[in-house]
2 protein chains.
Amino acid sequence: MFPSAASPAACPTLGTPRGARARAAGAAAPARPALAERIGRSLELLQRQVPMTRRLLRAGDLVYRAGDALDCLHVIHFGCVKTVNMAPDGREQVVGLHFKGDWLGFDGIAAGQQGCDAVALDLSEVWAISYATLLKACAGDPPLLALVHAAMSREISRDRESMLSLCTLPADARVADFLRGWADALAERGLRTDQITIPMTRAEIGNYLGMKLETVSRALSRLAREKLIAFSDTGRRDLHIPDVGALVGFVQRSLGGEGATLVH
Amino acid sequence: MFPSAASPAACPTLGTPRGARARAAGAAAPARPALAERIGRSLELLQRQVPMTRRLLRAGDLVYRAGDALDCLHVIHFGCVKTVNMAPDGREQVVGLHFKGDWLGFDGIAAGQQGCDAVALDLSEVWAISYATLLKACAGDPPLLALVHAAMSREISRDRESMLSLCTLPADARVADFLRGWADALAERGLRTDQITIPMTRAEIGNYLGMKLETVSRALSRLAREKLIAFSDTGRRDLHIPDVGALVGFVQRSLGGEGATLVH
DNA sequence: CGATGTGTTGACCGGGTTCAAACAATGTGG
DNA sequence: CCACATTGTTTGAACCCGGTCAACACATCG
């Protein structure tokens with residue numbers, strides 16, 4: 001159950017690398033070699049330019065905890081990590097899902113301490129990078145700095161996509177959009193999107209999407225009934241997505257023709 | 001109606017600088033001179049180190065449009081700007097509110113083009129800063145780089161606070177939390193928080209908070225009925241907030257004692 | 001085996017949306 | 001100046017989506 005010999009950047013359980021099989025799977029989303037290469041090259045550049053320590057984590061392990069001093073940023077080499085924000089009164093909110101090539105800890109830079117818990121959802125490897133060292137390395141290395149800024153920028157963009165989905169989509173469509181987003185994340189990384197595993201409970205998904213676990217369950221059942229997804233016989237967390245594009249169509253349809261425009 | 005002679009960093013209509021009057025206003029939130037100074041000093045540093053062009057905007061003016069090439073980042077010198085995200089299908093979502101000292105455009109760095117529309121909500125001045133020039137300036141100036149990173153980091157933190165509020169609070173509490181957030185933003189900038197003006201329609205507020213304009217209106221009416229806010233006689237957008245802390249209490253109370261914890 | 005954690009489904013209820021009406025604020029042109 | 005249109009706000013009444021509560025199925029694990 002270790003990454004060991006196989007293709008070092010492929011997550012063992014989240015997905016398998018695209019290959020002949022993926023191409024045979026009919027309507028699977030097209031591969032995005034450009035993006036996948038970007039992530040791979042970024043990781044290589046990073047590995048060459050800045051010292052780091054690798055950490056292997058199993059599902060449930062903490063990468064860091066909110067309040068920890070921000071000595072290090074982390075980059076995911078493979079696997080899947082959630083970030084959980086907490087209010088002083090105890091409310092918890094899954095605010096982000098992060099995959100290979102994503103950075104963790106940007107939100108803590110300003111305060112000098114981590115703003116969220118980061119928890120591995122699956123067997124994952126992260127690279128811990130001293131922030132101070134990273135800054136020094138960036139000073140004399142514009143491409144490296146650009147890489148870091150691009151990662152922060154994407155983080156902001158993704159958060160805003162989440163807000164858009166949270167505020168404008170009804171529950172079923174939100175779940176469909178969540179699956180589409182997950183599949184897109186895998187596609188960007190060169191993994192197959194027709195057969196995916198969501199290593200989260202219904203409660204976690206619901207928390208992330210702003211709904212209750214029963215609603216998530218019902219939404220998934222409905223999507224399955226409409227043949228947009230199918231449950232694998234191996235477990236309720238393994239999904240078959242025959243056509244990612246159809247999920248987008250479902251979202252559109254559930255908006256009833258009109259995306260509410262703010263300005264006339 | 002120009003900023004002209006008066007205290008150059010005070011927004012003419014959003015709020016008035018704290019002074020003897022603010023202190024006399026009973027339970028108004030305590031001033032935060034440290035934070036206010038940080039923002040002021042950041043703007044000074046920026047002004048010294050990098051060239052910029054000033055732009056004065058009136059309510060409704062566009063700072064930039066989604067899709068514009070990302071030549072410049074913008075920093076708000078005074079005023080108030082909203083950022084609006086749009087889905088391909090036409091859904092629009094107000095994803096951020098920005099005040100003096102905040103940056104605009106971070107979300108566009110990765111793609112090389114703006115990801116949102118940015119629209120002034122009130123008379124505002126922004127400084128346009130060439131991103132390429134900024135990067136060069138940062139290379140030899142660690143404090144400047146730290147300043148930029150801190151701004152990006154706070155942006156991410158704020159987005160996550162929004163998600164927390166969107167996902168965990170009922171409508172009334174969300175409106176209360178919105179007002180608290182607005183008052184906090186003013187307090188951080190050394191402005192009075194007992195008398196505030198929200199230069200947005202109910203529809204805009206509702207869009208930002210993920211609810212309908214009628215719900216916003218009802219929530220405000222209820223908050224007024226409970227004496228947590230009072231409408232000024234000058235208009236429905238001018239609010240008197242006798243005690244910002246009471247808004248926090250209202251949020252807590254509306255959670256019914258328990259902030260739903262995800263882990264046992 | 002029972003115990004525990006997870007997922008599904010049904011019945012009911014309530015908060016928020018929808019639809020509608022009325023009012024307020026502002027501006028426009030005669 | 002007033003009649004009128006336009007935009008924004010408030011409030012009511014009915015409806016419905018999603019939450020709540022509950023029962024049950026199905027794993028895994030001691």
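Note that these values count all heavy atoms, side chains included, but never hydrogens, waters or copies made by symmetry.
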Is [X] reaching over with its side chain to a backbone N or O of [Y], donor-acceptor style, under 3.5 angstrom?
| X | Y | result |
| --- | --- | --- |
| B/Asn207 | B/Val94 | yes |
| A/Arg55 | A/Val126 | no |
| A/Arg54 | A/His77 | no |

Short side-chain N/O contact to D/dT11 OP1/OP2 from B/Ser221, under 4.0 Å
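For B/Ser221, the contact criterion (side-chain N or O under 4.0 Å from OP1 or OP2 of D/dT11) is met.
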When you check the phosphate oxygens OP1 and OP2 of C/dT6, does a side-chain N or O of A/Arg237 lie under 4.0 Å from one of them?
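So the side chain of A/Arg237 is outside the cut-off, no N or O lying under 4.0 Å from OP1 or OP2 of C/dT6.
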Mind calculating the distance between [atom1] ([X]) and [atom2] ([N]) to the nearest angstrom?
| X | N | atom1 | atom2 | answer |
| --- | --- | --- | --- | --- |
| B/Arg222 | D/dT11 | CZ | P | 10 Å |
| B/Arg202 | D/dT11 | CZ | C1' | 13 Å |
| A/Asp172 | D/dG19 | CG | P | 11 Å |
| B/Met211 | D/dG18 | CE | P | 16 Å |
| A/Phe231 | C/dG7 | CZ | P | 10 Å |
| A/Lys212 | D/dA22 | NZ | P | 16 Å |
| B/Glu204 | D/dT7 | CD | C1' | 13 Å |
| A/Ile205 | C/dT6 | CD1 | P | 12 Å |

Which comes earlier along DNA chain D counting from the 5' end, the contact point of A/Glu214 or that of A/Pro170, where each point is its nearest nucleotide?
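Final value for this comparison: A/Pro170.
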N/O donor-acceptor pair, side chain A/Arg218 with base C/dG7, under 3.5 angstrom:
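There is none.
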With heavy atoms under 4.0 Å as the rule, sort A/Leu213 into base, sugar-phosphate or nothing.
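Base contact.
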Please table the atom pairs, donor to acceptor, closer than 3.5 Å between any side-chain atom in residues 222-231 of chain B and protein atoms at least two apart or in another chain.
{"residue": "B/Arg222", "atom": "NH1", "partner": "B/Asp172", "partner atom": "OD2", "Å": "3.0"}

Output the single nucleotide from C/dT8, C/dG16, D/dT9 whose closest atom is nearest the side chain of B/Thr215.
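Output: C/dG16.
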Does B/Asp177 pair with B/Arg180 as a salt bridge, N-O distance under 4.0 Å?
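The answer is yes: the pair qualifies as a salt bridge.
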